[in-house]
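Proteins get letters first, then strands, A, B, ... in listed order; numbering begins at 1 in each.
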2 protein chains.
Amino acid sequence: MTAVNSSGFPAPAGIYAVPVVLAPLSGRLHVLLVRRVEAPFAGTWVLPGGFMSPSERPEETAQRKLTEKTGVGAVYLEQLETYGDPERDPRGWIPTVAYLALIDAAVLRADESSSRWEPVDALPPLGFDHPRIVVDAVERLRGKLWWSNIAVGLLPERFTMPQARRVFEAISGVTYEPSNFRRELEQSGLVHATGTLAKGGPGRPAAMYEFVERQPAWSLRRSRPPAMLRHRS
Amino acid sequence: MTAVNSSGFPAPAGIYAVPVVLAPLSGRLHVLLVRRVEAPFAGTWVLPGGFMSPSERPEETAQRKLTEKTGVGAVYLEQLETYGDPERDPRGWIPTVAYLALIDAAVLRADESSSRWEPVDALPPLGFDHPRIVVDAVERLRGKLWWSNIAVGLLPERFTMPQARRVFEAISGVTYEPSNFRRELEQSGLVHATGTLAKGGPGRPAAMYEFVERQPAWSLRRSRPPAMLRHRS
DNA sequence: TAAATAGTGTCTTTAAGACATTATCGC
DNA sequence: GCGATAATGTCTTAAAGACACTATTTA
């Protein structure tokens, strides 16, 4: 597949938008895959995606493709990187813009035969350069987890501390000490208690929290380069 | 300008690569601008850049454009983001991939009439959506300064602590306490002393340091999410 | 030997790690 | 009341902040 622009120069045959949809499922971080029907890589698992159109902003394309595949909109959508190596797509020169897309695990619709959630630490073989894209997405999520409110995409609007802890544990792959987890998340300034309690199960009811800001924001904690001078000229 | 691919679908008229070249000059962070000669925005300052070709990897295009404008290769080149809004370029559908490019201030060649260094906190009016791209680049640099070896791109191969401090100060816009600056940079694990001394000026000669790793790497310091459980099941 | 610059040591303050303890639910 | 779960308090340890001080050069 080739393209030429009106000035006679070679143009990309198209631009692909690829949402990397991550969600914690049963304690592990999973990614949404679809089975590819056409060549190349027919029959293998790949990330969902589709061609951008000139009338859409790139995030809109990513959002649309995501909704087509999952039935839900992403709570959090962030551009990851653009992959444009000449040989990455056998069909021709087709750069791909990857997006990190996070959705609350609670709103996922049931699996279908054409799409599947797979744990990111045990992926099946993927077509194109998609294994690398998944790795980049997971790295971005893990890297920002404690330094931003990126988890807003993975938790319901109101949540409890133990619930948040389990999500953080699924993403980072470690087990946190509950009281320290609580202290750190509170000190981050990203969440605040709503005053209500989660009732239902056994045990003391947990307090409900919510994110102060649902737009992308940075944590206040431990972002401390060396101190500035104070009492000197 | 329009393009159509061999399947009959609209294709981007091209993809632009735009290096955002940053360097500390006389204590302030500057960005390299060029004067645009053709419409649109003829006569106004813009970021350097050019069309990608199907035979190049995107970073190669950015690197090539950078070399054409400055005569030097970037020490550090990192993809920033892709800007693809339909209306961002009056010429047509031309997504732009921006790159953060850092070069050692010492290797810059002299200014020319067609290109100029401007301080990032007092920019002239820029064409296209380039003001936003500069803001994004500066934010990326500032954000990674203390958490990665990104400064490898802004310092000569061997440098002194005061030299590094002045560069860090130019980027972050704050003044560091020298002994704490030294302690933090050493504890980061990113640099190590070479054993040699910088001679010349007045005052005690400074020890020379170099980066342990010149490839992108993360700092060891203070990247501490809450502790894991240890003595429990 | 004075001015200038670089480097070391250390006391104080703040944040994180590691629990023990207390609180509140359903059964 | 008992098991289960959530929340609080606190002692210990480690890191950062704020300096005072020492060291080594050139003029």
_Using 0.5 Å steps for rounding, measure from the CZ atom of A/R88 to the CG atom of A/D129._
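Taking CZ in A/R88 and CG in A/D129, the distance rounds to 4.0 Å.
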*Which value, rounded to the nearest 0.5 Å, describes the distance between A/L154 atom CG and A/L102 atom CG?*
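Result: 4.5 Å between the selected atoms.
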*asked:* Taking salt bridge (Lys or Arg N to Asp or Glu O under 4.0 Å) as the definition, give me every residue that meets it alongside A/D136, ordered by chain and number, with sequence neighbours left out.
replied: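 With sequence neighbours excluded, A/D136 shows a salt bridge (Lys or Arg N to Asp or Glu O under 4.0 Å) to A/R132, given in chain and number order.
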*Look at the rings of B/F181 and B/Y176 and say which category their plane angle falls in: under 30° parallel, 30 to 60° tilted, over 60° perpendicular.*
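B/F181 and B/Y176: tilted rings.
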Distance check needed: [N] [atom2] versus [X] [atom1], whole Å only.
X      : N      : atom1 : atom2 : value
B/L185 : C/dA6  : CG    : C1'   : 15 Å
A/E186 : D/dG9  : CD    : P     : 11 Å
A/R182 : C/dA23 : CZ    : P     : 15 Å
B/Y176 : D/dA16 : OH    : C1'   : 14 Å
A/M161 : C/dA23 : CE    : C1'   : 17 Å
A/F181 : C/dA16 : CZ    : P     : 14 Å

_Strictly under 4.0 angstrom, non-hydrogen atoms only: write out the protein contact profile of nucleotides 22-27 of chain D, one letter per nucleotide from the 5' end, B, S or -._
-BBBS-
*Do A/S188 and A/S219 have side-chain atoms, one donor and one acceptor, less than 3.5 Å apart?*
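A/S219 and A/S188 do not have a side-chain donor-acceptor pair below 3.5 Å.
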*asked:* Would you say B/T61 and B/E59 are linked by a side-chain donor-acceptor pair, where the criterion is simply a distance under 3.5 Å?
replied: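 Their side chains do not contain a donor-acceptor pair, so the 3.5 Å distance test is not met.
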*Option passing side chain to side chain donor-acceptor pair (under 3.5 Å) with B/Y209 (candidates B/Q163, B/R182, B/R158)*: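 Output: one option passes, namely B/R182.
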*Check whether any side-chain heavy atom of A/L141 lies under 4.5 Å from a side-chain heavy atom of A/I150, and answer yes or no.*
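They are in contact (side-chain heavy atoms under 4.5 Å apart), so the answer is yes.
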*asked:* For D/dA16 and B/Q187 - does any side-chain N or O of the residue sit under 4.0 Å from the phosphate oxygens OP1/OP2?
replied: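 Checking B/Q187 against D/dA16: at least one side-chain N or O falls below 4.0 Å of OP1 or OP2.
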Between N or O atoms, less than 3.5 Å apart, protein on one side and nucleotides 9-11 of chain C on the other: list the pairs.
from, atom 1, to, atom 2, distance (Å)
C/dG9, O6, B/S179, OG, 3.3

